[in-house]
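When reading the values below, keep in mind they use all heavy atoms of this one structure, side chains included, and skip hydrogens, waters and symmetry mates. Lettering follows sequence order; numbering is per chain, from 1.
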2 protein chains.
Amino acid sequence: MEYEIVDTEHAFLPNWQAAMPAARMVLRAAAQGGAGADVSIRWCRLRAGESITVILPALLARNGKTVILADEPGDALILEALSAGAAGCCNTHAAPEVLQQVAAVVGNGGLWVGQNLLQQLIGRTARILSNQNPASAKAALPDTLSEREKQVAAMVASGASNKEIANRLSIAERTVKAHLTAIFDKTGTRDRLQLSLKINGLKL
Amino acid sequence: MEYEIVDTEHAFLPNWQAAMPAARMVLRAAAQGGAGADVSIRWCRLRAGESITVILPALLARNGKTVILADEPGDALILEALSAGAAGCCNTHAAPEVLQQVAAVVGNGGLWVGQNLLQQLIGRTARILSNQNPASAKAALPDTLSEREKQVAAMVASGASNKEIANRLSIAERTVKAHLTAIFDKTGTRDRLQLSLKINGLKL
DNA sequence: TTGGCTATTGGACTAAAGTACAGTTTTTCG
DNA sequence: CGAAAAACTGTACTTTAGTCCAATAGCCAA
């Protein structure tokens, strides 16, 4: 349960003190090199105007989870942080209870996302996902595909090779190819990768 | 800190017992009417095949937060639950630690979303927000990849063939293959489709 | 019954993709 | 400068993918 706070100056904010009195304060310069001790969560403060991509990679190379404490957290910033590998991103001046909450979630292997952003994410993506996530990929496929073809298409979209599909469906690899030819034709795709992108909603 | 568990039959599962021994068990029929007491979180079990929209509205009309305990939680189901107003959705048989985690998050006014789904939401929305530009894809790649490799990887992930990549980068197709071999090695993928899924956040 | 659709498979082939081994040039950095 | 990493390319090879032509068998509806 070792916490490490990384910042450009050695100032321990009151809310940090309250949330994690035992945390170790480290200057950002010092945090770059060396093989960090057994830190479970590394809190890195991101000051206004700074870019995540500049400081995050060096931190991720070390052990433990990384949480961004942003002076000016915006949805875009949070998304960027999470995409880049951070386990969470919250306001630098968040209440101690919130920080402890974040620590609990991240410590258990979760990702922390603020409620505002989460609501937005859900609203924005609900329809896309409910129709086009790999699990229910079949639903997103054109009705022109037969049942068997949808089945094969879904497996291709999730990364299976022809041989794997053949084995799992107990049919000849040749048959898989036949289905695929029909699928490419009906869906207007040229190969399995294009098909995957289409099924997964990443391409028009 | 009053917990109420709503189910069709009066069976207290072991993991529930462990996570919240003081919870009150209520049959679904009884939970529909009346002005519930001061319940902070209402856990409602959703059995296999049942629809959320049928049982959730009645529960939301009452006080407290509602969390769905799903026998067969899928991404689509979870989204449906959250969209419909639930504060979280997790597996009926989730470990006690997870349930307590959920309770903590929800109790503090948050929404609880599983990590898988969250990763997907983030990946998708990040792409939407950044308008599919290659920069976002590159950011999602391991920093062990060199600049050129990230460039190639991003193009592969968007569906380009080796020849197309070679033309666009004005290098030999052979060189593209060389980069790909290194990319597969570093990312732990076996072919371009797996790489695409990984980069696009559809696969661990 | 016949025609159409689907599922299945074979052989043969072309085209990509990916690997192995080997090498040169350029860039980066101490 | 000199070492190391990255970028680039070649020949040759194995493995998948995808296509073409052709055929058998089951199911359903006009």
Matching residue for B/Thr189 among B/Thr187, B/Asp185, B/Asp191 - test: side-chain hydrogen bond (donor to acceptor under 3.5 Å, both in side chains): B/Thr187
From CD1 of B/Ile183 across to C1' of C/dG18 the rounded distance in Å is 13 Å
The nucleotide from D/dT19, C/dA17, C/dT8 with an atom nearest the side chain of A/Thr181 is D/dT19
From CD of A/Glu149 across to P of C/dC5 the rounded distance in Å is 13 Å
Between CG on residue B/Leu69 and CG on residue B/Asp7, distance to nearest 0.5 Å: 8.5 Å
Could you work out which one of C/dT9, D/dT9, C/dA17 sits closest to the side chain of A/Ala172? C/dT9
Among the nucleotides C/dA17, D/dA17, C/dG18, whichever has the atom closest to the side chain of A/Asn162 is D/dA17
Could you walk me through whether B/Arg42 and B/Glu4 pass salt bridge (Lys or Arg N to Asp or Glu O under 4.0 Å), step by step? CA-CA 5 Å; B/Arg42 186 168 286 107; B/Glu4 185 177 291; 3.0 Å; yes
Taking D/dT19, C/dT9, C/dG18 as options, the one with an atom nearest any side-chain atom of B/Lys177 is C/dG18
Counting any heavy atom closer than 4.0 Å, what does A/Ala182 reach on the DNA or RNA strands: base, sugar-phosphate only, or nothing? nothing
Picking from C/dA17, D/dA7, C/dG10, the nucleotide nearest the side-chain atoms of B/Ser146 would be D/dA7
If I take atom CZ in residue A/Arg190 and atom P in nucleotide C/dA15, what distance separates them, rounded to the nearest angstrom? 16 Å
Can you check whether any acceptor in the base of C/dG11 is under 3.5 Å from a donor in the side chain of A/Arg174, or vice versa? yes
Any side-chain to backbone donor/acceptor pair from B/Gln100 onto B/Ala19? Under 3.5 Å, distance only. yes
Rounded to whole Å, please give me the gap between NZ in A/Lys150 and C1' in C/dT6. 14 Å
Electrostatic pair B/Arg190-A/Glu164, nearest N-O below 4.0 angstrom: yes
Closest-nucleotide mapping onto DNA chain D: is B/Asp191 or B/Arg148 further toward the 5' terminus? I mean the 5' end. B/Arg148
Earlier contact from the 5' end, DNA chain D, for A/Leu180 and B/Ser170: B/Ser170
Let me know the distance between CG of B/Leu145 and P of D/dA7, rounded to the nearest Å. 10 Å
So which nucleotide from C/dT19, D/dA17, D/dA7 ends up closest to the side chain of A/Ser161? D/dA17
Give a yes/no on whether any side-chain N or O of A/Arg192 is located under 4.0 angstrom from OP1 or OP2 of D/dG18. yes
Starting at CD of A/Glu173 and ending at P of C/dA7, how long is that distance when rounded to a whole Å? 19 Å
Expressed as a whole number of angstroms, how long is the span from B/His179:NE2 to C/dA17:P? 16 Å
Rounding to an integer number of Å, can you tell me how far A/Ile165 CD1 sits from C/dA7 C1'? 16 Å
